[in-house]
Structure formats: structure tokens, C-alpha cells
Amino acid sequence: MKRLPILLVLFSLISACGDSDRARQAKFFAFGTEIDVSLYGVDNQTAENTVDALEAAFNNVNNTWHAWQPSTLTRINDAIANGEPIQVEADVAAVITQAAEYAQDSQHLFNPAAGKLFEVWGYHQDNWFESRPPPSQESIDVWLHASPTMQAIHIEDGTLASDNKMVKLGFGGFAKGTAVDAAINALKQLDIENAIINIGGDLRAIGSHGDRPWRIGIRHPRKEGGMMASVAIDHDQSVFTSGDYERYFTYEGKRYPHIIDPRTGYPATETISVTVIHQQAARADAAATALVVAGAEWPQIAASMGIDHVMLMRADGQIEMTPAMAEQVRLIDPSQQPLIRQITTP
Ligand code: ADP
Ligand code: MG
């Protein structure tokens, strides 16, 4: 106890040495959550300007892709529901094309055309956390029967059209990743080489923290405030986690989490948390969502999505991971024996 004040003084002296020789932290709000930015090797003025550019990048993604407040996306969805074609800007078309590619690669377990299903479950509204009965089997069957996927969407010469009026785009499964990639691109344009952009625990890190790698924590899905593992970042990597512990509602003692299995129309419950490491944040985000849905068959879906770093916790508490993940991750509880599973090609 007595040593603590001396250590603290030492630390503040070290961090005061040199203007650009330490990590700088900044926070702002976007996407209804806190965004933490860590920058290494920049001066105060650069750090301030950078945060403004990042805030703009995040707000742009949020305003374009918001699923239920008026946005570019809601205008597109209105046109699809009316069976009308609609003009889309090139950058908007690029994100939709990327969504279609991830959907295809995940064998449509990642299904960003399933907005109506997310709506049926009450996840496309501000009070999504309130207790309510689950939707009727009939309303789920109507959706399953129409089976909307990204394959119905066609974009030609800047015009988008859908073969299926039941398609409703909902990009919550990879919007954070898309925003993080946009933010990292903004940083690279400002010649910033060492940074972390962290959005509620999901992040992309580039460069390093001086002569050591960035090291980040992965939240434990069942221990409030506790960590499950830590990862040392290798130059430019995104770490995205999806699970059942942040967004869910309960009804009559049963938990209904927000990741929905498009094959059954019901929330996926076999896997409670999936962490994916991949360079591109958008693909890592989409893959984490897809692998929650995949359940025990996750190694095939990881293969088809081109992902080789996966760690997950099954509903029975067993941790599983790929050999590549095992090389990079350190579990906090050393008594946990992870099951190592190879990625299998389908
Ligand atoms: P978070 O953004 O909370 O980290 P995810 O990235 O896993 O979580 O995205 C979950 C969100 O994605 C849901 O709230 C819903 O909008 C949407 N979603 C749910 N199930 C799927 C699915 N099977 N495919 C694509 N998107 C999904
Ligand atoms: Mg996701």
C-alpha cells in the first residue's frame, strides 16, 4: 500500500516526458456508445484535429445506415417495400455490395437482408431492451416463407432494385466494423501510423505502442466487468466480439438475445460469445455475428468467410479456438482448457 503513491508519481513523470512519446486517449460519443481513441507518437494539436476527423467519419456512417431513424438506408428500404428502383451513390452501393459478399461467404447466416425479422423481434426500435412476449410463430413463418436474402438485390449503373419486397436491409451486424474501417482510413490519410479505435470493446489497431505491441482485453461474457482473455495486436488487426450478453430482453425468465438465426427465425443460443481477429473490421464484425449463428458448425463458416482467428464460448462454458487464435491470445483464467479446432474447408 505504501509504495503506491511513489509508483503513481513515477508514472506521471514518465508520461510527461516528451510530447509525442506516449499514448494519448480521447473519447467521443457516436452510435449511441462511447468511442475511445488511443494515438501513439503524435503531439497534442494533431491528436485534437484527428479526433474531429474521426467523429465526422463515425457520424457519417451512423446517419447513412441508421435502421429506423430517417437515413439513406430507410429511404432505400421504403423503395424496396414499394417495389421501386432507387438511385444510390457509389459509396453507398459499395457498402451494400460488401454486405452481399459477406452474406454469400457466410452461406447467409449473416443475413443483412433480414431487417424485417429483426423488427419482428423488436430489435429495430429504441426500447429494444424492454420485456415483451416473443413474436408469434405465424409472424416468423411469414418471414421464413418469403426467405429474403441479399441475392435479391441488384445494383446496376447506380440503380438498386430488389426481386423480393420482403427484403429490408439492416446493417447492425457490421455497421460498427464499417465505421471503424472508415475511421482507420481517415487516420492513414493523416499519416497517423499507431492507433486504436475502440467502439464499446470492438476495435481495430494499427502500428504499435512504441516498441511494444498494442495489447487489448476481451470481455468475459458472463462476468460483469471481467476479462476473458488478452491479445497482443500484430501491426494492423481488428478484434470484434459478438454475443448474447449486451443486447437481449427477458420474458418470463427466458433470455432472448439479438442475434437471430435466419434458418429458424429464432435467436441463436448455442454460442454465447465469439471473438474474431482479422485485418478488416467490417469482415471481422460480420463474421463474429455469423459465427454466433453457426453454432457447432462454425469452423466451416469461418473457412468460407476467410477467417482463421476465432475464439468462442459455448453455452456450456467451454472455450473453443483455432490454432492461429491460440498463438495470439492469453486466457485470463489459466485453469480453462480451450478446445482447439481446425478451420475446415466445406
Ligand atoms: P453488436 O453490434 O451489438 O456488437 P453484432 O455485430 O453481432 O452486435 O450485430 C447484431 C445486430 O445485427 C442485431 O442487433 C441485428 O440488428 C443484426 N442481426 C441479428 N442477427 C443477424 C444475422 N443473422 N445476420 C445479420 N445481422 C444480424
Ligand atoms: Mg457483428
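Atoms within a ligand are numbered from 1 in the order they appear, just like the ligands themselves. Throughout, residue positions are numbered sequentially from 1 according to the sequence presented.
At a heavy-atom distance under 4.0 Å, atoms from both the backbone and the side chain of Ile259 approach ligand 1.
Remark: minimum distance from atom 4 (O) of ligand 1 to any protein heavy atom is reached at Lys176 NZ, 3.6 Å. Of all protein heavy atoms, the one lying nearest to atom 7 (O) of ligand 1 is Ser242 OG, 2.6 Å. In terms of protein heavy-atom proximity, atom 26 (N) of ligand 1 is nearest to Phe118 CZ, 3.4 Å.
For the 3.5 Å distance criterion, the side chains of Gln237 and Gln328 qualify, holding a donor opposite an acceptor. A donor atom on one side chain and an acceptor atom on the other are not found under 3.5 Å apart for Asn49 and Thr46. In this structure, a donor-acceptor pair under 3.5 Å is absent between the side chains of Asp333 and Gln336.
With ring centers used as reference points, Phe118 lies 6.0 Å or more from Tyr123.
The hydrophobic cluster around Met227 extends to Ile332, counting ILVMFWY residues whose side-chain heavy atoms fall within less than 4.5 Å of a member.
Ligand 1 has at least one atom lying under 4.0 Å from a heavy atom of Phe110.
For the residue pair Ser238 and Gln279, the shortest heavy atom distance occurs at OG-O, 2.8 Å.
Among the heteroatoms counted here (N, O or S) of Asp285, OD1 is the one nearest to the Mg ion (ligand 2).
A cation-pi geometry, defined here as NZ or CZ lying under 6.0 Å from the six-membered ring centre and within 45° of its normal, does not hold between Lys27 and Phe29.
The Mg ion (ligand 2) has no N, O or S atom of Ser242 inside 2.8 Å of it. Residue contact annotation: Phe110 places no N/O/S atom under 2.8 Å from the Mg ion (ligand 2).
At under 3.5 Å, a nitrogen or oxygen of Asp285, whether backbone or side chain, sits near a nitrogen or oxygen of ligand 1. Looking at Glu246 next to ligand 1, no N or O pair under 3.5 Å apart turns up. Between Thr289 and ligand 1, at least one pair of N/O atoms sits closer than 3.5 Å. Of the N or O atoms in Leu109, one or more lie within a sub-3.5 Å distance of an N or O in ligand 1.
Selection from Pro257, Gly173, Pro267, Ala67 by nearest heavy atom to atom 9 (O) of ligand 1 gives Gly173.
Of the candidates Trp143, Trp121, Tyr256, Trp121 is the only one forming a ring pair (Phe, Tyr, Trp, His ring centres under 6.0 Å) with Tyr266.
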Decide side chain to side chain contact (heavy atoms under 4.5 Å, CB included) for Phe31 and Val61; before the verdict, give the C-alpha distance in whole Å, the side-chain angles of both, and the deciding distance to 0.1 Å.
CA-CA 9 Å; Phe31 269 67; Val61 173; 3.8 Å; yes

